[in-house]
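These figures come from a predicted structure and were not determined experimentally.
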Amino acid sequence: MTVRRPIAVSAALAGLLVITACSTGSTQGQAGGAAGDTLTVVTVASPTSLDPGKAQQNDAWFDQLAYEPLIVRRSDGSLQPGLATSWSYQGTDNRKFVLHLRPGVKFSDGSALTAQTVVDDFGYVEKAHGQLAPFLAGDTFTATDPHTVTITTAAPNPNFPVLLTQDYIIGGIISPKGLAAPGQLGTRTSGAGPYMLDAAQTVTGDHYTYVPNPNYYDPKSVHWRKVVLKVITNAQSVLNALRSGQAQVSVGDPSTLSAARRDGLTVASAPLLWNGVTLADRGGTVARPLADVRVRQALNYATDRNVIASALFTGNGKPVNQVTVPGGYGYDPAMAKAYSYDPNKARQLLAQAGYPNGFSMKLVTAEYQQMNLLAQALQQQWKKVGVRLQITDDANPNQYVSDAFGGKFPAFSTAFGQLPLWMEGQALFLPTAAYNPFHTKDAALQTLYDQSSTASGPTKNGLDRRIVDYLAQQAWFVPVVSTGLPYYATKTVTGVATSVNAPLLSLYEVRPAG
């Protein structure tokens, strides 16, 4: 088996691949119509870079307006043609993936899309070492004819159709002229999407203005004469911008969700994150009790998920005990009540493991997605079974990343976005995963993962459920509640929708109302 490089954890993220990643889509199948004037969208963070090879997933809105993806994920979760009109795996082991490109496509700078362009783009992304580049590490890219690209991998990859959508940025292709001047990609766009950045109307860190790409292959689907992405970091100020009409669409926040609904705003939110605790020290290096599966299971039984969901995540959270969200990748309805709140069961397991009086354990948390409040709630609940949680609350996200992923603490608070299981393994539970800082190995888990990586269809879905079930049985994590990333919109626009298979808003589906 070939082991890929672990995904780099950005210091700007409290959870990997989880915040404000927002999607734009291709225009296939959308109705045409008169373009609106200006769409103003509020996001909570400025981009680290506009370069698709270096951008983080939470920069996605800034890239996807200008960079058409090879494959488009629509708001209902379906996959549709983008720059590629069709795609398929060859063979039975998910090691060869073939893309057939749309003919006649031109980039905003006038250069033409060819298979060699895509090959060169993938090579650039891999060498740029961005957040998502590890998913292409070790792959070979070949232009087998002017409009056909073949990707050959050393290890199976069953997730290319999802990976090359707008959700993960690297499916957006950079033009040959852009690749020839990579130093300029951070501040300008060189894509084949419906829009392109207007640098003259852009102030870095404040607002970014996009205007229609005159070379876009489907001009009837360009719904706005201008799209402005406005950066506002304060949650209440974000809501006020929509209330006053200064913006039409925004990323929401759990703290303003009830107010947004009272104001009559459209609220779109689908399950995206599971929030809870990673019990990282499964070998007992720092916290010896965690080496016993009975102890880890006891912590799950000692968790009253219903109380936490209703108290901390009203209207935006549901109890969950799996490392996915209801209806998400690998979710098993049969396991939904596997860890119903049972403090007596927790005490019995602790006693059987040799800890009848409980034990003390350190945990680090961050002030993101209410992780610190959840940690405090668990501190009170676990105290009832004798487990004394000693919490370090890192206000600085850089410090949290260093503490949690550096193996300094045996456990850490977690907010993790659902991912296809092949991708999730590399981020969450394989020995090289960032969320496995003690590098725990498990032969049975690895076997299930390897089998899932080469499977497809119902067989793969069944193996994915077995992986999630196995992680629950081994209690490597204490998932507590699943939440969605809310989006707000005024009644002047339509097309604001998300689903469990597409929880990230497809910005380019937003159109003028009426």
Exercise. side-chain hydrogen bond (donor to acceptor under 3.5 Å, both in side chains): which pairs involve residues 492-504, sequence neighbours left out?
Worked result: Thr490-Thr492
Determine whether [X] and [Y] make a side-chain contact, defined as any pair of heavy atoms from C-beta on separated by less than 4.5 Å.
| X | Y | result |
| --- | --- | --- |
| Lys318 | Ser482 | yes |
| Phe477 | Phe416 | no |
| Asn436 | Leu428 | no |
| Leu257 | Val267 | yes |
| Leu83 | Val118 | no |
| Gln426 | Thr432 | no |
| Tyr487 | Leu504 | yes |
| Tyr89 | Ser456 | no |

Residues that [X] engages under salt bridge (Lys or Arg N to Asp or Glu O under 4.0 Å), provided they are two or more places apart:
| X | answer |
| --- | --- |
| Asp464 | Lys460 |
| Asp206 | Lys230 |
| Arg261 | none |
| Asp93 | Arg95 |

Can you name the side chain to side chain contact (heavy atoms under 4.5 Å, CB included) partners of [X], sequence neighbours left out?
| X | answer |
| --- | --- |
| Asp121 | Val125, Ile173, Ile174, Leu179 |
| Asn213 | Ser108, Asn215, Tyr216 |
| Arg466 | Leu448, Leu463 |
| Gln201 | Asp198, Thr209, Val211, Lys226 |

Polar contact flag, side-chain donor to acceptor under 3.5 angstrom, [X]-[Y]:
| X | Y | answer |
| --- | --- | --- |
| Ser75 | Ser506 | no |
| Tyr217 | Glu68 | yes |
| Ser244 | Gln246 | yes |

Can you tell me how far apart [atom1] ([X]) and [atom2] ([Y]) are? Round to the nearest 0.5 Å.
| X | Y | atom1 | atom2 | result |
| --- | --- | --- | --- | --- |
| Phe429 | Trp476 | CZ | CH2 | 8.0 Å |
| Arg243 | Thr256 | CZ | OG1 | 8.5 Å |
| Asp63 | Lys54 | CG | NZ | 12.5 Å |

For this session: Take Val493 and Trp224 through the side-chain contact (heavy atoms from CB on, under 4.5 Å) test and state the conclusion after the steps.
Result: CA-CA 11 Å; Val493 299; Trp224 304 94; 3.9 Å; yes
Does [X] have any side chain to side chain donor-acceptor pair (under 3.5 Å) partners at least two apart in sequence or in another chain, and if so, which?
| X | result |
| --- | --- |
| Tyr329 | Arg73 |
| Ser175 | Asp109 |
| Ser269 | Asn316 |

Exercise. Under the side-chain contact (heavy atoms from CB on, under 4.5 Å) criterion, do Gln370 and Asn275 qualify, and how do the steps go?
Worked result: CA-CA 9 Å; Gln370 298 179 279; Asn275 300 260; over 6 Å; no
Exercise. Parallel, tilted or perpendicular: which describes the rings of Phe62 and Tyr208, with under 30° parallel and over 60° perpendicular?
Worked result: perpendicular
Exercise. What do you reckon, are the aromatic ring centroids of Tyr210 and Tyr195 less than 6.0 Å apart?
Worked result: no
